[in-house]
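Have a look at the structure below, then the notes.
Only a predicted model underlies this, so the values are computations on that prediction, with no experimental measurement involved.
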Amino acid sequence: MQKLFIGLLCLIASVGYAQVNQPLPSTTDSLQVGQPATPAQRAPQAADQTDKKAVPDKNELKINLNESGTRFVKATLLNQTWVRYNQSNPGSTVVQDPANETVDFGLRRTRIQLFGQLSDHLFLYVQYGLNNFNYQNGFPAFNTTGTPSNRKVAAFFHDAVGEYLVFKNKDYLKIGGGLTIVNGLSRFSQPSVSTIVGMDVPVFAQATVDQTDEFSRKLSVYARGQVGPIDYRLVVSDPFPIQTNAAVPPALGPNASFALKGHHKQYQGFLIYQFFDNESNQTPGYMTGTYLGKKKVLTLEAGFITQKNATWTRETAIADTVYHAMTLWSVASFLDMPLNTNAGTAINAYLGYFRTDYGPNYLRFNGIMNPATGISSGSAPGGGSIGGTQGNAFPMFGTGSVVYGQLGYLMKQDLFGPGNGTLMPYLQLQFATYQRIVQPLGVYNLGVNYLIKGHNGKLTLDYQNRPYYQNALDNNRLVPAGRLGQVTLQYQVFI
């Protein structure tokens with residue numbers, strides 16, 4: 001090893017000596033002092049400069065199918081890694097051990113997109129990936145059939161959509177179909193997760209997520225487009241039966257739950273009026289979170305989802321089963337525009353009202369990438385009577401109303417020096433009034449993005465404060481028992 005090391009040193013020294021002792025170009029042998037060089041004498045220098053021509057940076061993986069670039073195929077890659085500390089809801093367990101707090105690492109989202117304009121009329125969009133992958137993926141160790149779980153079964157097709165542009169080079173009408181997130185309720189029901197302001201989206205807006213859809217995607221046919229300042233989408237969806245979501249359904253009782261009998265289509269619509277710049281309408285459904293000051297956007301938005309006999313209730317064991325329609329609607333305003341174009345500062349704001357009627361007393365707890373695996377028998381919250389209340393879960397979905405708002409401020413570009421990125425602090429507020437909860441529910445997120453290279457590379461530090469619930473009042477309405485927190489660091493890489 002010593003001889004090899006000495007040999008390498010000698011080799012490096014000899015190469016360096018040869019470079020230093022190369023003869024310099026003569027300035028007197030062929031030229032008189034002050035006489036211009038001939039073209040032949042200048043040629044080697046020009047050739048050397050040509051060889052060193054800089055290649056421009058590219059921020060996308062794109063292959064043009066024609067000279068103009070109107071026909072293309074493009075791929076994107078996204079990875080969001082979480083490092084998180086969470087104060088657990090009372091009674092939470094991790095692999096059967098009590099856990100008052102947890103620290104976990106995970107992949108919030110890992111995605112691959114492939115899409116392209118294949119002709120003047122044909123567009124294809126496909127997305128594949130996984131979500132919420134942390135240490136307990138595949139837990140419990142044995143499922144209800146007694147066979148081992150498999151942590152490797154996680155990735156799936158999120159989208160597979162074919163779309164037809166009716167009018168050449170005009171976005172007036174696009175007709176599409178397939179597995180898609182094209183949605184009726186709101187912009188946050190179909191978000192571009194790589195461009196959002198906060199660390200995460202307000203998931204309550206993805207109203208049936210993993211109940212009668214596939215991570216907010218449904219088998220649908222739709223029409224969408226832009227006519228002047230108006231952006232619209234009309235959707236008919238074929239929801240999945242609740243039995244196929246790999247969870248034990250709630251027992252039929254006085255609180256509404258998704259019906260195990262019957263099958264009806266969902267009808268959806270979404271309308272946006274754009275006062276200034278029009279937003280991108282290229283990919284099916286997905287709506288940008290922030291343009292980082294590159295566009296001037298102000299919108300008014302309204303949307304709805306409705307489905308006949310979506311849920312059911314039964315007051316007593318001998319009473320008749322009653323079916324209920326699911327009717328969800330929202331109105332909102334969205335702002336994203338530059339403040340100082342020279343400094344690169346910008347503002348982002350959203351305020352929306354959601355009316356969510358799933359049927360009488362519907363309520364569902366949910367915890368994003370929940371770090372706990374269970375809850376001890378008979379313990380709070382909910383006296384052990386409500387499923388899914390462990391870890392970081394709170395009543396995310398319910399019959400009632402929700403007000404959601406967010407505010408973000410993009411600080412000046414190159415805040416830490418040329419090429420060293422900038423900051424975007426933000427605030428998110430979710431305020432809900434649900435039938436089954438005695439008091440209004442508030443969930444608050446405060447955080448900051450370090451935009452290393454825009455959305456292509458960013459770090460997000462987020463603090464969330466949420467309520468937790470213990471015993472039910474009269475075994476039906478819940479009473480808040482206190483508040484808990486969660487701190488998450490997310491690293492996003494996107495191309």
Side-chain angles (χ1 to χ4, degrees), residues 163 165 170-174 176 180-198 200-207 216 220 222-235 267-306 328-341 344-356 401-410 424-431 445 449 454-455:
E163 197 171 72
L165 178 64
K170 300 292 183 182
D171 280 348
Y172 297 155
L173 176 61
K174 297 179 178 181
T180 178
I181 203 171
V182 175
N183 201 288
L185 186 57
S186 74
R187 72 185 302 115
F188 286 116
S189 305
Q190 47 207 319
S192 169
V193 293
S194 64
T195 64
I196 54 180
V197 172
D200 215 338
V201 294
V203 178
F204 79 88
Q206 298 175 23
S216 202
S220 304
Y222 63 84
R224 69 183 187 98
Q226 288 187 346
V227 181
I230 296 174
D231 186 309
Y232 71 92
R233 55 207 71 187
L234 298 170
V235 189
Y267 299 93
Q268 309 180 60
F270 191 49
L271 186 67
I272 308 172
Y273 187 88
Q274 305 169 105
F275 289 93
F276 299 119
D277 295 343
N278 278 15
E279 297 193 70
S280 173
N281 194 40
Q282 185 180 77
T283 57
Y286 291 98
M287 305 201 69
T288 298
T290 174
Y291 295 94
L292 299 178
K294 301 299 188 294
K295 278 195 171 189
K296 184 179 180 182
V297 176
L298 175 62
T299 69
L300 285 178
E301 309 169 356
F304 72 90
I305 301 175
T306 184
L328 318 170
W329 58 268
S330 76
V331 291
S333 181
F334 174 71
L335 172 72
D336 190 82
M337 64 174 57
L339 294 177
N340 185 320
T341 53
T345 58
I347 190 171
N348 176 281
Y350 177 90
L351 183 62
Y353 173 82
F354 295 74
R355 181 62 183 173
T356 54
S401 60
V402 183
V403 175
Y404 174 77
Q406 72 177 33
L407 180 66
Y409 173 71
L410 179 65
M424 187 175 192
Y426 64 85
L427 174 67
Q428 296 171 303
L429 305 172
Q430 178 180 335
F431 188 79
N445 288 71
N449 295 299
H455 292 303

(request) Just do the side-chain contact (heavy atoms from CB on, under 4.5 Å) check on Gln190 and Phe270 with the steps written out, would you? (result) CA-CA 11 Å; Gln190 47 207 319; Phe270 191 49; 3.7 Å; yes
(message) Walk me through whether Phe354 and Leu185 qualify under side-chain contact (heavy atoms from CB on, under 4.5 Å).
(response) CA-CA 9 Å; Phe354 295 74; Leu185 186 57; 4.2 Å; yes
(request) Decide yes or no on side-chain contact (heavy atoms from CB on, under 4.5 Å) for Tyr232 and Ile272, but give the supporting numbers first. (result) CA-CA 6 Å; Tyr232 71 92; Ile272 308 172; over 6 Å; no
(request) Determine, step by step, whether Leu271 and Leu300 satisfy the side-chain contact (heavy atoms from CB on, under 4.5 Å) criterion, reporting the C-alpha distance in whole Å, the side-chain angles of both residues, the deciding distance to 0.1 Å, and the verdict. (result) CA-CA 8 Å; Leu271 186 67; Leu300 285 178; over 6 Å; no
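Proximity of a side-chain donor or acceptor of Asn278 to a complementary backbone N or O of Gly228 within less than 3.5 Å is detected. Side-chain atoms of Gln428 never come within 3.5 Å of backbone atoms of Pro202 as a donor-acceptor pair (strictly under, hydrogens ignored). Between the side chain of Ser189 and the backbone N or O of Ala205 there is at least one donor-acceptor pair closer than 3.5 Å. Side-chain atoms of Thr195 come within 3.5 Å of backbone N or O of Gly289 as a donor-acceptor pair.
In terms of heavy-atom proximity, Ile305 sits nearest to Asn183 at CD1-OD1, 3.6 Å. The heavy-atom pair separating Asp231 from Arg233 by the smallest distance is OD1-NH2, 3.0 Å. Between Leu292 and Met424, the shortest heavy-atom contact is CD2-SD, 4.1 Å. The minimum heavy-atom distance linking Glu279 with Thr288 is given by the pair OE1-O, 4.3 Å. Counting all heavy atoms, side chain and backbone alike, Pro284 lies closest to Val182 at C-CG2, 3.7 Å. Shortest non-hydrogen contact noted between Glu163 and Gln282 is OE1-O, 4.3 Å.
Looking at Leu427, Leu429, Asn348 one by one, the single match for side chain to side chain contact (heavy atoms under 4.5 Å, CB included) with Gln406 turns out to be Asn348. Checked options Ser216, Ser192, Pro191; the residue passing with Val201 is Pro191 (criterion: side chain to side chain contact (heavy atoms under 4.5 Å, CB included)).
The distance from the NZ atom of Lys174 to the CZ atom of Arg224 is 4.5 Å, given to the nearest 0.5 Å. Here NZ of Lys296 is found 11.0 Å from OG1 of Thr341. Values are rounded to the nearest 0.5 Å. One finds the OH atom of Tyr286 at 14.5 Å from the CG atom of Asn281 (value rounded to the nearest 0.5 Å). Considering CD of Gln430 and CG of Asn445, their distance stands at 8.5 Å, rounded to 0.5 Å. The OG1 atom of Thr345 sits 4.5 Å away from the OH atom of Tyr409 when rounded to the nearest 0.5 Å. In this structure, OH in Tyr291 is found 12.5 Å from CE in Met337, a value given to the nearest 0.5 Å.
The 12-atom threshold is exceeded at CZ of Phe275, counting heavy atoms of other residues, nucleotides or ligands nearer than 6.0 Å.
For the residue pair Tyr222 and Gln268, no side-chain donor N or O sits within less than 3.5 Å of a side-chain acceptor on the partner. For the 3.5 Å distance criterion, the side chains of Asp336 and Thr290 qualify, holding a donor opposite an acceptor.
In this structure, the side chains of Leu298 and Ser333 come closer than 4.5 Å at one or more pairs of heavy atoms.
Annotation: side-chain contact (heavy atoms from CB on, under 4.5 Å) contacts of Ala332 (sequence neighbours excluded): Glu301, Tyr350.
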